[in-house]
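Notes for the one structure printed next.
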Protein chains: 2
Amino acid sequence: MTLSDIEFPTPSEDADCRPVREILDRIADKWSLYIFVALKDGPVRFNALRRQIDGISQRMLTITLRQLERDGLISRTHFPTIPPRVDYELTAVGRSLLAPVMALVTWADSNRDVIEQARRQHDQTR
Amino acid sequence: MTLSDIEFPTPSEDADCRPVREILDRIADKWSLYIFVALKDGPVRFNALRRQIDGISQRMLTITLRQLERDGLISRTHFPTIPPRVDYELTAVGRSLLAPVMALVTWADSNRDVIEQARRQHDQTR
DNA sequence: CCGAATCCTCTTGGATACTG
DNA sequence: CAGTATCCAAGAGGATTCGG
């Protein structure tokens, strides 16, 4: 499949399009991207994730991890030690998503100056 | 720059990281992605965009277009005809973002079956 | 046709306190 | 350490109405 095969919604393809939107909406929520990046080098424990992702609350970390687990993108390993330990890790499918995600992150990093300048220019023009 | 150069937040890099997050949050909002895809083949008029992006309200289309314009990712051309006509188009910077975005869309399209199966399996297990 | 403005709803998400 | 439960505020976003 090539990029040009992906056509958004001529009405007839609309039904096919919905699952894709569901997936994109999940990926594009507030925290999923950052969890992905945080897990890119291997398993990470719950509180380590929490420290690594600046500003995320315990609640949202839990919720987002559960959703990603449900989608089969990350796996959860519970060690019944005392104190308990839980590792989160990308699955094979999750790792296959890492390339596009990192491409986005790389783009954002490369273009932040351009964008900030565009904003300043826009704000002072009006 | 390679992918491995992008490290998320060792505390010392935290300040550098914030602009990147701002940009990602913009890209990853509910509608920006779809506007990008809709504009990938050239200029599109306001109401054509509205029809093309299923479910978007006039309000959110306007707001999202304004934000993307402020970031220098799309341009707006107003033809003072009657009735008026306004074309939206990706800028050069915007087009450079198209590749990573389409990679994501392609991934979502290729993996929707896998994800839906993972969801069903997860939901029936518990 | 292309919006701006208002109103109102519902989701998102933070703060806090409590369990195993 | 790794959660769960509850409460509450802020903002996203839809519906509708009006203007150029």
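Chain letters run A, B, ... following the sequence lines, proteins first and then strands; every chain starts at 1.
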A:Ile56 CD1 to C:dG14 P, in whole Å, measures 8 Å
Rounded to whole Å, the CG-C1' distance (B:Leu61 to C:dC2) equals 10 Å
**D:dG3 phosphate, OP1 or OP2, under 4.0 Å from A:Tyr88 side-chain N/O** = yes
Whole-Å distance, A:Arg51 CZ to D:dC1 C1', equals 10 Å
Of B:Ala48 and A:Pro84, the one whose nearest nucleotide on DNA chain C sits closer to the 5' end is B:Ala48
When rounded to the nearest 0.5 Å, the distance separating CD of B:Glu116 from CD1 of A:Ile23 is 6.5 Å
Whole-Å distance, A:Asp25 CG to C:dT11 P, equals 15 Å
Side-chain contact check for B:Met60: nearest option of D:dG13, C:dG14, C:dC1 is D:dG13
Under 4.0 Å, counting only non-hydrogen atoms across every strand here, what does A:Arg66 touch: a base, just sugar-phosphate, or nothing? sugar-phosphate
Of the listed D:dA2, C:dC1, D:dT4, the closest approach to the A:Phe46 side chain comes from D:dA2
message = By the 4.0 Å heavy-atom rule, please label B:Arg50 as base, sugar-phosphate, or nothing.
response = nothing
CG of B:Leu65 to CG of B:Leu39, rounded to nearest 0.5 Å, is 7.5 Å
Practice task
Indicate, yes or no, whether a donor-acceptor pair under 3.5 Å links the base of D:dA15 to the side chain of B:Gln58.
Solution key: no
- [ ] Respond yes when some side-chain nitrogen or oxygen of A:Lys30 is under 4.0 Å from OP1 or OP2 of C:dT11, and no when none is.
- [x] no
Here the distance between atom P of D:dA2 and atom CD of A:Gln52, to the nearest Å, is 13 Å
Please determine if A:Arg21 forms a cation-pi arrangement with B:Tyr34, meaning its NZ or CZ atom is less than 6.0 Å from the six-membered ring centre and no more than 45° off the ring axis. yes
### Query
With the threshold set at 4.0 Å, does a side-chain nitrogen-carboxylate oxygen contact exist between A:Arg70 and B:Asp123?
yes
Discussion item. Side-chain N or O of A:Arg59 versus OP1/OP2 of C:dT16: is the shortest distance under 4.0 Å?
Written reply: no
**Message:** OP1 or OP2 of C:dG3 versus the side-chain N and O atoms of B:Arg45: is any pair under 4.0 Å?
**Reply:** no
Rounded to whole Å, CG of A:Asp29 lies from C1' of D:dG13 at a distance of 17 Å
B:His78 NE2 to C:dC1 P, in whole Å, measures 14 Å
Distance check: side-chain N/O of A:Arg85 vs OP1/OP2 of C:dG20, anything under 4.0 Å? no
A:Ile63 CD1 to C:dT11 C1', in whole Å, measures 11 Å
Is B:Arg119 salt-bridged to A:Asp71, cutoff N-O under 4.0 Å? yes
